[in-house]
Amino acid sequence: MRNILVRGVAAGAIALLSLAACSSEREGGDSTATSGSTEAAKGFPANSLIGVALPAKTSENWVLAGDLFTNGLKEAGFQADVQYAGSSTTVADQQAQISAMVTKGAKVIVIGATDAAQLSTQVEAAKQAGATVIAYDRLIKNTQGVDYYVAYDNFKVGELQGQALLDGMAKKKPSGPYTVELFSGSSDDNNSAVFFDGAMSVLKPKIDSGDVVVGSGQTDIKQTATDGWKAENAQRRMDSLLTSTYNGDKTLDGVLSPNDTLARAIITSVKGAGKPLPIVTGQDSEVESVKSIVAGEQYSTINKDTRNLVKQTIQMVKDLQAGKTPEVNDTKSYNNGVKVVPSFLLPPMIVTKDNVVEAYANDPNLAPLTK
Amino acid sequence: MSRAKELQKSLFGGTTSNARQFGMIFTLVAIVLLFQILTDGLTLSPVNLISLVSQYSYILILAIGMLMVIVAGHIDLSVGSVAAFVGIVVANIMQDYSIPWFLAVLIGLVVGAVIGAWQGFWVAYVGVPAFIVTLAGMMLFRGGNQYIGNADTIPVPEGFRTIGAGFLPEVGPNTGYNNLTLVLGLVICVAVVVREWRGRRTRHQMQAEVAPMWISVIRVAIPLVVVVFATLQFAGGRIGTSFPVSGIILGVLVVIYGFVTRNTAGGRHIYAVGGNARAAELSGVKLKRVNFLVMMNMSVLAALAGMIFVARSAASGPQDGIGWELDAIAAVFVGGAAVSGGLGTISGSIVGGLVMAVLNNGLQLMGVGSDRVQIIKGVVLLLAVALDAYNKKQGRFSVIDSLMRPFRRDAAPSSASPVETGQEHGKSPVAG
């Protein structure tokens with residue numbers, strides 16, 4: 001009986017000795033940890049692996065971005081690993097995908113976050129493994145690990161929407177006061193407040209001077225929010241506004257809408273009530289809205305070309321590869337809760353019926369609609 | 001009796017279910033080796049092993065509870081929603097009242113127990129099928145999560161993150177490895193040896209047939225090699241990482257629940273209820289209490305899993321827990337449990353869960369998209385259960401037997417009877 005114990009221990013000891021020979025990652029890990037910063041400045045091989053983790057394929061935009069990344073990174077000579085989160089367990093999937101990219105030794109990981117606040121563990125692991133993390137379109141929150149942020153300038157989007165609303169109304173009716181209603185996005189999306197604040201930075205002075213009147217008096221972002229960015233919620237709110245505030249012959253001159261889906265819901269609601277169409281703003285250049293602009297219903301949208309955003313991101317990856325510091329143009333606006341993330345913000349472009357043809361001339365999907 | 005036959009029986013016991021379990025371990029090893037080759041050695045690298053454990057420990061914890069629920073002849077569809085509900089409650093409490101994180105964990109477990117008592121009440125004492133009760137629970141607690149959280153993502157403090165993203169700390173002299181992980185590995189090694197030794201002593205005392213010494217050596221040597229290898233890998237990860245805390249929680253639960261289901265009267269009652277509820281009741285098993293406790297236990301484990309996920313994600317979000325019930329159920333069935341109840345083991349479910357986890361991880365390392373990963377996982381689940389169904393029809397099946405057949409042309413065709421329970425090591429035939 002003792003015998004077996006002795007043999008077992010002996011077997012274990014032999015196994016231990018034979019395996020102790022295999023090197024631990026600690027030594028390697030040590031050297032990269034100490035020379036991490038200098039190594040980043042030196043760049044990395046041109047055929048390195050670049051990871052791109054995107055949300056589930058729920059919108060056209062993400063699918064397009066994924067294709068552009070795959071092709072663009074390959075063209076630049078990198079190995080691309082582009083992953084979409086699964087449709088059911090999105091957050092867990094994305095976490096696992098980022099971990100897999102770290103394991104594979106990706107030098108740069110570009111992340112379009114599914115939930116911007118639930119990735120800090122993985123992002124920090126990536127950072128410690130020596131990868132550079134770029135937040136794409138959505139800022140990753142509550143972590144030191146994110147290095148750069150690349151997106152369209154959302155405050156500017158709001159400003160453009162506010163200005164378009166004023167311009168459109170002035171075109172229709174030379175002098176005020178103008179009656180408007182305000183809509184904002186879902187309260188759980190931190191972009192919603194940025195759009196709204198941008199628009200209000202333009203509208204507030206006019207409201208204060210009495211040139212612009214909010215008919216219902218609802219100017220607080222809590223009152224104007226549209227839960228889940230859902231069209232049905234915007235339509236419901238517009239329906240009740242029309243009944244409560246615009247019965248009789250009271251007219252509505254303009255509606256600030258944060259995006260195209262909500263803009264079309266608002267237009268549907270106004271049409272249903274048999275009222276003349278107000279000036280309605282939008283964003284995203286959705287196919288139906290571009291048609292609507294050409295037809296003269298929706299007044300404006302915003303063009304945030306995914307191609308440019310991907311191109312800019314790949315440029316950052318190339319700079320990092322060459323050992324250069326990527327260009328940023330904003331080092332103070334985007335605080336993720338623990339640090340201010342250096343950002344490159346692309347300028348959005350306002351599109352109305354006047355410039356719709358030029359705006360989408362390079363877009364194979366939208367150009368035919370403007371002819 | 002041929003040596004191969006003897007080896008099979010002594011290593012894995014003689015019943016079909018044990019052969020099935022061995023089949024699953026064999027599959028797991030095969031998948032690991034396959035991906036180890038396909039990914040150029042990334043699969044068994046320290047970084048990947050560590051992230052594998054922390055990524056799937058919460059699913060495996062759910063699988064433990066789900067195994068007991070399924071063995072008792074029920075199902076629980078609400079685990080994902082319960083996990084999400086507890087996660088948001090705990091995150092909220094910590095944000096609003098800044099209580100210490102371990103107290104928050106305790107509160108979370110209590111909330112889980114209350115939810116479990118609610119579901120157990122309907123299943124055991126009112127007699128509503130568990131499928132319906134937990135389908136209702138799935139909606140109830142998903143709604144509760146959104147109601148409390150406002151569909152928002154709520155961050156949790158650093159201390160709380162230990163249970164999901166924490167590792168064994170670095171202590172003691174610099175050995176080039178994480179010392180606590182080495183200690184943990186040593187403890188497991190000793191446990192393996194002691195267990196085998198005690199098993200032999202018991203059989204001697206009972207004057208039962210004792211397996212030949214060479215079999216005992218193999219039974220000890222194989223786990224030891226695996227444990228030593230795993231220990232060195234986990235201990236040799238990047239500085240600051242080692243064996244994950246969530247993995248330790250999982251390990252402790254596996255040991256405890258493994259013991260309870262195998263060696264205690266209460267645990268055996270679960271199998272009795274699942275095998276034949278009427279007969280069990282007539283033999284004095286308190287049917288209602290068993291059902292109540294099994295459902296309640298599941299929700300407590302779901303609460304724990306939810307908190308581990310929140311800790312790992314550093315925040316509780318509206319998407320948490322979606323689809324977890326299916327992952328847990330898949331792990332249990334791949335691991336050899338019977339759909340009709342009464343059959344299955346904790347260790348089998350863990351192996352089943354690991355098969356799915358390694359598959360997922362390996363495919364991700366190869367850069368296979370999540371669409372195709374889901375297709376492959378679906379096929380594997382179907383094949384695993386289909387194999388089980390086929391074997392039952394055929395009477396018996398042995399993976400070793402089929403592997404060894406080509407080498408035993410001289411031996412007479414196998415004629416062993418399907419039930420050789422007398423040869424098993426202190427296991428009752430029901431558990432397999």
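These figures come from a predicted structure and were not determined experimentally. Worth knowing before you read on, the calculation uses all heavy atoms, side chains too, and leaves out hydrogens, waters and symmetry mates. Proteins get letters first, then strands, A, B, ... in listed order; numbering begins at 1 in each.
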**Asked** In this structure, which one of Leu365(B), Leu52(B), Thr43(B) forms a side-chain contact (heavy atoms from CB on, under 4.5 Å) with Thr103(A)?
**Response** Leu365(B)

**Request:** Starting at NZ of Lys104(A), measure out to CG of Leu42(B) and round the result to the nearest 0.5 Å.
**Result:** 8.0 Å

**Prompt:** Is it true that atom NZ of Lys339(A) has more than 12 heavy atoms of other residues, nucleotides or ligands lying nearer than 6.0 Å?
**Reply:** yes

**Complete:** Under 4.5 Å to a heavy atom of chain A? For Asn360(B) that would be neither

**chain B contact via Ala116(A) - which portion, at a heavy-atom distance below 4.5 Å** = neither

**Asked** Which answer fits Gln374(B), side chain, backbone, both or neither, if we ask what part of it has an atom under 4.5 Å from a heavy atom of chain A?
**Response** side chain

**Request:** Select, from Gly323(B), Gly367(B), Cys189(B), the one with the greatest count of heavy-atom pairs under 4.5 Å involving chain A.
**Result:** Gly367(B)

**Prompt:** Is Gln207(B) atom CD crowded by more than 12 heavy atoms from other residues, nucleotides or ligands, each under 6.0 Å away?
**Reply:** no

**Request:** Side chain from CB out, backbone as N, CA, C, O: work out which of these in Val190(B) comes under 4.5 Å of a heavy atom of chain A, or both, or neither.
**Result:** neither

**Asked** Rounded to the nearest 0.5 Å, what separation is found between the CD atom of Gln97(A) and the CG atom of Asn361(B)?
**Response** 11.5 Å

**Message:** Are Gln95(A) and Arg312(B) packed together at the side-chain level, in the sense that at least one heavy-atom pair is separated by less than 4.5 angstrom?
**Reply:** yes

**Polar contact flag, side-chain donor to acceptor under 3.5 angstrom, Gln55(B)-Ser99(A)** = yes

**For the student: nearest non-hydrogen atoms of Ala129(A) and Arg238(B), plus distance** = CB-NH1, 3.9 Å

**Prompt:** Between Asp115(A) and chain B, which part of the residue has a heavy atom less than 4.5 Å away: side chain, backbone, both or neither?
**Reply:** side chain

**Request:** Sort out for me which of Ser54(B), Gly185(B), Pro223(B), Gly317(B) touches chain A most, counting heavy-atom pairs under 4.5 Å.
**Result:** Gly317(B)

**Request:** For chain B, find its close neighbours in residues 117-124 of chain A: heavy-atom separation under 4.5 Å, sorted by number, or none.
**Result:** Ala117(A), Gln118(A), Leu119(A), Ser120(A), Thr121(A), Gln122(A), Glu124(A)

**Request:** Take Val91(A) and Phe309(B) through the side-chain contact (heavy atoms from CB on, under 4.5 Å) test and state the conclusion after the steps.
**Result:** CA-CA 10 Å; Val91(A) 177; Phe309(B) 180 80; 4.2 Å; yes

**Prompt:** What part of Asn48(B) gets closer than 4.5 Å to chain A, counting heavy atoms only: side chain, backbone, both or neither?
**Reply:** both

